[in-house]
Chemist: 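Please find one structure pasted underneath; my questions will follow.
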Amino acid sequence: MNITSSAAAERYAPNGPRRLDGIDLIRGLSIIAVVLLHISIFAHRDHVEVGASLPRWLHYLIFWNGDNGVSVFFVVSGFLITLIAIRRFGSLGQIRPGRFYRLRFARIAPPLLLVLVVLSILHLAGVSYFRIRPQVATLPAALLSALTFNLNWFEAVHGWLPPCWTVLWSLSVEEVFYLLFPLACLLLWRRPAARMGLFALLLGLIAVAPFARTDPAANAIWQAQSYFSNLDAIALGCLTAVVTDRCLRNARLMHTPWPLLAQIAGALLMLMIAVWPWPSTLAGWHFKKTLAEEGTDVTVLIIGTALFIWGSVLRGARGAAWLEPVRWFGRHSYEVYLTHEFAVIAVLTAFDHGPVIVWLAAVFALSALLGWLFARFFSEPLNRTLRGAAAAFGAPALARH
C-alpha cells in the first residue's frame with residue numbers, strides 16, 4: 001500500500017495508531033443523543049417534560065436527536081465494516097464469507113445473547129417496564145424476532161415492546177445488510193466488469209430510502225424502522241469507505257484543503273438537521289419541513305456524516321483532550337446502546353421527582369459504568385476468544401464495532 005508518512009497514513013497503517021478520533025467523536029455524540037432521547041421519552045410517561053424551559057431549537061437539539069444518532073451509527077457502521085474488510089482481505093472481491101461472519105458473530109452475538117437472557121429473566125419475574133404485555137407478544141415470539149433480525153418488522157406489526165427490547169430494532173437492520181454484504185461483494189467486485197453492479201446496488205438503496213420513509217401504506221413504526229428506510233445510511237458508509245481507501249492509497253488529497261473543507265461541510269449539514277426548527281425558512285420556503293415530508297432530511301444527514309468521516313480519516317487529526325469523554329462513549333457505543341435503557345429505567349424510577357440535572361448525571365454515570373463493565377469483563381474477552389487467529393489477520397483495532 002503506497003501511503004505517505006502523514007498523520008492520516010500513520011493512523012491507517014496496520015501497525016500504527018489505529019483509533020480514528022473523528023469517528024469516535026461522532027459515534028460518541030450519537031450515543032449521547034440516543035440516551036438523552038430515551039430519558040426524555042421515559043420522563044414523558046410520568047408527565048415530565050425534560051428541558052421544557054429551554055428554547056425550542058435547543059430543546060430539540062439536546063433531547064430529540066436520538067433517531068438521527070442511529071442514522072449516523074449506520075453510516076459509521078457501513079464505513080468501518082467495509083474499510084476493515086478491504087484491509088483484512090485485500091479487496092472486497094477477496095472477502096471470505098466464513099471469516100467475515102465469524103468475526104461479526106464474535107462482536108455482536110455474545111452481548112446480544114446476554115441482554116436477551118437478562119430481559120427474559122426480568123420478564124418472567126414480572127418486573128415493571130420489562131414485562132412484555134400479552135396483547136403485544138409472547139416472550140418466545142419476541143426472542144425469535146430478535147434472534148432472526150426482524151424485530152423492526154415485529155414491532156411494526158404487533159406494537160412496541162418494552163424499552164430494552166425496542167433498541168434492538170437497529171441491530172435487525174444492520175445484520176440483515178451484513179448477511180448479504182459479503183455475498184454481494186464476491187459476486188460483483190471480483191470481476192472488474194461487474195463492479196458497477198455493486199455501486200448501482202448501494203446507490204439504489206440510497207435512492208429508495210426516502211420513499212420507504214414516507215410510504216403512505218406503512219404505519220409510523222415501519223416508516224421509521226423498516227430495512228429500506230435505513231439501509232441507505234449503511235450503503236453510503238460502504239461507498240465512503242471504498243472512496244476513502246482509494247484516496248489513502250494515493251495520498252495526494254491529504255495535503256490539500258479538501259479534507260478539512262469536507263469535515264466543515266459535513267458538520268454543517270449534520271447540524272442543520274440536528275437543529276430544529278431553526279432555521280426553518282429560507283426566503284419563505286420551509287425547507288426543513290419539506291425535507292422531512294419527503295424523507296430526505298435523513299439523506300442530508302447521512303451525506304453530511306459521510307463527508308465528515310471522509311475528511312476526518314484523510315486528515316488523521318487527533319481530537320482535543322477535553323472531548324475524550326465523548327470519544328470514550330463512542331468507543332463503547334455498542335455496549336452502552338444495549339444497556340443504557342436499564343440505567344434510564346433504574347434512575348428515573350428511583351428518583352422520579354428529582355431535579356432533571358440529577359437524572360441526567362445519574363443516567364450517564366450508570367450508563368458509562370454498565371457499558372464499561374459489559375465491555376471489559378464480557379464482550380471484549382469473548383470477542384477475542386471467538387475471533388481467535390482470525391483477529392490477527394490484519395484486523396484494525398479502530399473498529400471495535
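For clarity, every value in this text was computed on a predicted model and none was experimentally measured. FYI, side chains are in, hydrogens and waters are out, and symmetry mates aren't considered; it's all heavy atoms of this structure.
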Chemist: Run the side chain to side chain donor-acceptor pair (under 3.5 Å) test against Tyr227 and tell me which residues pass, sequence neighbours left out.
Modeler: Asn152

Chemist: Using distance only, find each side-chain donor-acceptor pair of residues 341-350 under 3.5 Å and give its atom names and separation, not counting sequence neighbours.
Modeler:
residue, atom, partner, partner atom, Å
Glu341, OE2, His38, ND1, 3.2
Thr349, OG1, Ile345, O, 2.5
Thr349, OG1, Ala346, O, 3.2

Chemist: Could you verify whether a donor N or O on one side chain and an acceptor N or O on the other, from Tyr334 and Ser379, lie under 3.5 Å apart?
Modeler: no

Chemist: Report the residues that fulfil side chain to side chain contact (heavy atoms under 4.5 Å, CB included) with Leu114, sequence neighbours left out, ordered by chain and then residue number.
Modeler: Val118, Phe374, Phe378

Chemist: Is it true that Arg387 and Glu380 make a salt bridge, defined as a side-chain N closer than 4.0 Å to a carboxylate O?
Modeler: no

Chemist: Checking Arg191 now: which residues fulfil side chain to side chain donor-acceptor pair (under 3.5 Å) with it, not counting sequence neighbours?
Modeler: none

Chemist: Between atom CZ of Phe181 and atom CG of Leu92, what is the distance when rounded to the nearest 0.5 Å?
Modeler: 5.0 Å

Chemist: Suppose we screen for side chain to side chain donor-acceptor pair (under 3.5 Å). Which residues come up paired with Gln223, at least two apart in sequence or across chains?
Modeler: none

Chemist: Name all residues meeting the salt bridge (Lys or Arg N to Asp or Glu O under 4.0 Å) criterion together with Glu324; count only those two or more places apart in sequence or in a different chain, and write none if there are none.
Modeler: Arg327, Arg331

Chemist: Flag the pair Leu25 / Asp21 as yes when at least one side-chain heavy-atom distance between them is below 4.5 Å, and no otherwise.
Modeler: no

Chemist: Heavy-atom distance under 4.5 Å between the side chains of Ile309 and Val313, does that happen here?
Modeler: yes

Chemist: Excluding sequence neighbours, so at least two apart, what forms side chain to side chain donor-acceptor pair (under 3.5 Å) with Thr148?
Modeler: Asn150

Chemist: Does the side-chain contact (heavy atoms from CB on, under 4.5 Å) test come out yes or no for Leu205 and Phe177, once each step is laid out?
Modeler: CA-CA 11 Å; Leu205 291 174; Phe177 182 91; 4.1 Å; yes

Chemist: How would you list all residue pairs meeting side chain to side chain donor-acceptor pair (under 3.5 Å) that involve residues 192-221, not counting sequence neighbours?
Modeler: Arg213-Asp232, Arg213-Thr299

Chemist: Using a 4.5 Å cut-off on heavy atoms from C-beta on, say whether the side chain of Ser91 contacts that of Gln94.
Modeler: yes

Chemist: Quick check: closest heavy atoms across Leu201 and Ala184, and the distance to 0.1 Å?
Modeler: CD2-CB, 4.3 Å

Chemist: Holding to side chain to side chain contact (heavy atoms under 4.5 Å, CB included), I want the full list of residues that pass it with Val157, two or more places apart in sequence or in another chain.
Modeler: Trp153

Chemist: Just to verify, what does Pro162 make a side chain to side chain contact (heavy atoms under 4.5 Å, CB included) with, not counting sequence neighbours?
Modeler: Ile132, Trp165

Chemist: If you look only at pairs with a residue in residues 256-273, which of them pass as a side chain to side chain donor-acceptor pair (under 3.5 Å), with sequence neighbours excluded?
Modeler: Gln263-Arg315

Chemist: Got Leu314 and Thr244 here, is their nearest side-chain heavy-atom distance under 4.5 Å?
Modeler: yes

Chemist: Minimum heavy-atom separation for Ala241 to Phe79, with atom names?
Modeler: CB-O, 3.4 Å

Chemist: Could you tell me which residues satisfy side chain to side chain contact (heavy atoms under 4.5 Å, CB included) with Asn65, sequence neighbours excluded, listed by chain and number?
Modeler: Ala33, Tyr60, Leu61, Asn68, Ala274

Chemist: Measure across Leu386 and Ala106 and return the closest heavy-atom pair with its distance rounded to 0.1 Å.
Modeler: CB-CB, 3.6 Å

Chemist: Run the ring-ring contact (aromatic ring centres under 6.0 Å, His included) test on Tyr129 and Phe42 for me, step by step, so that the C-alpha distance in whole Å, both residues' side-chain angles and the decisive distance to 0.1 Å come before the verdict.
Modeler: CA-CA 10 Å; Tyr129 298 113; Phe42 195 91; 4.8 Å; yes

Chemist: Are Phe329 and Trp372 close enough that their ring centres sit under 6.0 Å apart?
Modeler: no

